[in-house]
Amino acid sequence: MKHGVFDILKARFLINDDAVKNWRFIVFIILLAIIMIANTQRYEQKVFEIAKLNNEVKELRSEFVDRRSELMKLKMESTVSEKMLSKEIYPSTVPPIKIEVKKEKEKSFFKRIWQ
């Protein structure tokens with residue numbers, strides 16, 4: 001047992017006769033570690049990008065709500081009438097009248113022929 005631990009610490013398994021097999025395994029493990037590190041890096045970049053886009057969506061949504069409430073305020077009749085007073089345009093005192101146009105029924109082809 002003592003002899004095996006010292007061989008591992010002195011890395012004799014890398015210089016023995018069958019060291020090629022060990023070196024292949026070590027290179028394979030190193031390549032897997034590099035791939036894993038690169039994959040983790042890409043994953044973290046995407047997580048940061050998603051967080052940034054979520055914040056941007058929240059900001060744009062709040063800006064949309066602000067603009068919509070401002071528009072609703074500007075469309076109110078009282079706001080419009082106040083702005084028109086400066087141009088000396090006053091609201092009407094007479095309420096509007098609805099005009100109805102009655103359309104005559106179009107006669108069918110046969111009724112037009114018999115008349």
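Small disclaimer: the values here were computed from a predicted structure and weren't measured. Sequence positions, counted from 1, serve as the residue numbers for this chain.
- Through side-chain heavy atoms spaced under 4.5 Å, either directly or across other Ile, Leu, Val, Met, Phe, Trp or Tyr residues, I97 is tied to no other residue.
- Listed by first and then second residue, the salt bridge (charged side-chain N to carboxylate O under 4.0 Å, His left out) pairs that reach into residues 78-100 come to none, sequence neighbours excluded.
- Not counting sequence neighbours, I35 has no partner by the side chain to side chain contact (heavy atoms under 4.5 Å, CB included) test.
- Not counting sequence neighbours, the partners of E63 by the side chain to side chain contact (heavy atoms under 4.5 Å, CB included) test are L60, R67.
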Side-chain donor-acceptor distances from residues 68-75 under 3.5 Å, at least two apart:
| residue | atom | partner | partner atom | Å |
| --- | --- | --- | --- | --- |
| S69 | OG | V65 | O | 3.3 |
| S69 | OG | D66 | O | 2.8 |

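- Taking the side chain to side chain contact (heavy atoms under 4.5 Å, CB included) definition, one finds that L53 meets it with E49, E56, sequence neighbours left out.
- Residues that satisfy the side chain to side chain contact (heavy atoms under 4.5 Å, CB included) test with R61, not counting sequence neighbours, are V57.
- Apart from I29 itself, the hydrophobic cluster it occupies contains F25, F28, L32, where clustering links Ile, Leu, Val, Met, Phe, Trp and Tyr at side-chain heavy-atom distances under 4.5 Å.
- Contact check for T40 versus E44: side-chain heavy atoms found under the 4.5 Å cut-off.
- L31 forms part of a hydrophobic cluster together with V27, judged by ILVMFWY side-chain heavy-atom separations under 4.5 Å.
- Counting Ile, Leu, Val, Met, Phe, Trp and Tyr side chains that sit under 4.5 Å apart, directly or through other members, M36 stands alone, with no cluster partners.
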